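Note sheet for the following structure.
A, B, ... follow the sequence lines: proteins, then strands. Residue 1 opens every chain. On a predicted model such as this, the values are computed, not experimentally measured, just so you know.
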There are 2 protein chains.
Amino acid sequence: MRAVLDSARRHLATSGADSLSVRAVARDVGIVSSAIYRYVPSRDALLTLLVIEAYDDLGGAAERAERAVTRDDGAGRFLAVCGAVRTWALEHPHEYALIFGTPVPGYAAPQETIGPASRIPSLLLGILRGSPRSQSERRLDRGGTAAKAVEPLRDGLGSGLAPDELARGLNAWTGLLGAVSMETFGHFTGVVAQSPRVRKAFFAEQMIALAGGLDLFDL
Amino acid sequence: MRAVLDSARRHLATSGADSLSVRAVARDVGIVSSAIYRYVPSRDALLTLLVIEAYDDLGGAAERAERAVTRDDGAGRFLAVCGAVRTWALEHPHEYALIFGTPVPGYAAPQETIGPASRIPSLLLGILRGSPRSQSERRLDRGGTAAKAVEPLRDGLGSGLAPDELARGLNAWTGLLGAVSMETFGHFTGVVAQSPRVRKAFFAEQMIALAGGLDLFDL
DNA sequence: TGACAAGCGAGAGCACTGCTCTCTATTCTG
DNA sequence: CAGAATAGAGAGCAGTGCTCTCGCTTGTCA
């Protein structure tokens with residue numbers, strides 16, 4: 001089982017999910033393709049395992065980066081998470097694509113992925129919860145729309161936060177993923193200079209503008 | 001050729017790019033699979049044609065929506081574009097995924113796609129160019145990073161705009177795509193209420209917050 | 001110790017994929 | 001009317017996910 005997972009992870013990392021074939025994994029492990037099905041019920045199930053691993057790996061990286069920042073520096077904690085997500089995505093583009101890219105048609109993320117998947121959202125909301133700036137006068141909610149929209153979060157991840165804060169947190173999350181996805185998926189070619197240093201600095205500016213625009217923290 | 005493209009478009013729209021097979025298209029058209037190669041050199045080339053069609057379809061929808069708004073209402077024009085992109089994405093999820101989702105490994109977007117691909121960015125920058133608010137005091141550029149970053153746009157799409165404006169426009173574009181991608185790719189399940197009305201209103205609020213946060217217009 | 005079951009792998013096979021090759025029938029053109 | 005261009009058919013190759021049956025090895029229990 002270990003060998004199967006290791007090989008699958010390697011194939012995913014180097015060639016992407018499309019070219020992860022159970023036959024290739026079998027060849028790698030040194031057994032015949034049908035024997036793989038002793039360990040994993042299907043290719044989709046194998047991908048699900050990798051999805052969970054990816055979420056956990058990314059979540060762990062983000063949590064480590066966030067922990068390294070002084071507790072009362074909300075903006076710094078937020079930017080640390082952003083930077084960790086971006087770095088991880090650029091280092092693991094295929095894993096990133098697997099979890100945040102095109103959903104596989106006919107494949108619904110099973111129950112056991114939602115836990116690992118919510119590590120970063122939970123981290124972000126935790127930062128927001130600890131931020132003294134969480135009562136912003138630049139309210140986003142107009143006429144209770146946001147309250148209705150983020151209702152599913154009320155008793156779960158978002159407990160203890162006002163609807164307006166939740167909405168702004170969600171905006172931060174989508175803004176972060178948007179920036180990282182564009183760069184990771186190659187939509188910056190011909191638009192943003194390729195130099196890694198410039199791109200990193202530009203991303204930092206983007207995230208500062210994002211946090212500032214949403215009035216997430218005292219900056 | 002028409003029949004081939006029609007069938008391919010239909011397959012893409014209903015089952016996604018993964019399950020678009022030249023054999024299925026051939027069956028659809030009523031010829032044998034090898035005959036397809038009289039019209040299209042490879043499956044990738046067929047996908048490229050669909051990519052161009054998708055960019056053009058989306059770009060056309062956005063342009064139409066933008067044209068319907070009074071010229072001097074910059075924010076209204078921006079929000080019209082945002083809404084059109086979101087609507088098109090939800091109506092054509094597979095086409096949207098094809099152009100903004102996971103890049104196909106080993107497939108580099110050929111030259112002939114960059115024209116159609118830049119219709120919306122060009123539209124957005126046009127709105128910014130016409131906005132009297134384009135000299136914002138909430139500058140994003142710190143130490144010339146943004147100027148270096150958006151250098152590739154200087155003489156092309158972004159001519160006539162200051163680096164700081166270009167950077168803010170790019171932020172708007174990534175924010176828009178981030179929000180649309182999250183919703184289209186199903187990352188809102190369990191997070192944002194499913195009601196289409198609520199989601200639409202919430203998206204509008206997100207885009208208003210985005211434009212406001214970036215200080216794109218006088219609101 | 002012997003019987004039995006569970007676990008694990010091999011191998012064949014099915015239906016599918018992209019793509020290439022050769023061969024043939026039609027149609028267009030000089 | 002001859003020759004060329006065009007469009008399709010069909011076989012075939014190497015690959016895919018997955019199922020089925022068969023056999024070997026190992027563990028368990030009386």
Using every non-hydrogen atom in the two residues, find where B:L153 and A:V191 come nearest and quote the distance to one decimal.
CG-O, 3.7 Å
With side chains defined as the heavy atoms from C-beta onward, is the minimum distance between B:R129 and B:L125 less than 4.5 Å?
yes
Give one of base, sugar-phosphate or nothing for A:S33, where a contact means two heavy atoms less than 4.0 Å apart.
base
Can you give one letter per nucleotide of nucleotides 21-28 of chain C, going 5' to 3': B for a protein heavy atom under 4.0 Å from the base, S for sugar-phosphate only, - for none?
B-------
Taking NZ, NE, NH1 and NH2 as the nitrogens, is one of them in B:R10 or B:D6 under 4.0 Å from a carboxylate oxygen of the other?
no
Given C:dG9, is OP1 or OP2 found less than 4.0 Å from the side-chain N or O atoms of A:Y39?
yes
For the residue pair B:F100 and B:W173, categorise the inter-ring angle as parallel (less than 30°), tilted (30 to 60°) or perpendicular (more than 60°).
perpendicular
With a 4.5 Å heavy-atom cut-off, do B:V22 and B:Y37 have their side chains touching?
yes
Atom pairs under 3.5 Å: protein N/O with N/O of nucleotides 14-17 of chain C:
residue, atom, partner, partner atom, Å
C:dT17, OP1, B:S21, OG, 3.0
C:dT17, OP1, B:R27, NH2, 3.4

Is the closest side-chain heavy-atom distance between A:L210 and A:L216 below 4.5 Å?
no
Are a donor atom and an acceptor atom from the side chains of B:S181 and B:Y96 found within less than 3.5 Å of each other?
yes
Between which nucleotides of DNA chain D, read 5' to 3', does contact with chain A run, using atoms under 4.0 Å from its heavy atoms?
D:dT16 to D:dC20
Got A:T184 and A:L90 here, is their nearest side-chain heavy-atom distance under 4.5 Å?
yes
Examine distances only and state if a side-chain atom of A:R154 and a backbone atom of A:S159 form a donor-acceptor pair shorter than 3.5 Å.
no
Could you go through B:I127 and B:E66, starting from their C-alpha distance and side-chain angles, then the distance that decides it, and tell me whether this counts as side-chain contact (heavy atoms from CB on, under 4.5 Å)?
CA-CA 9 Å; B:I127 299 174; B:E66 193 266 352; 3.7 Å; yes
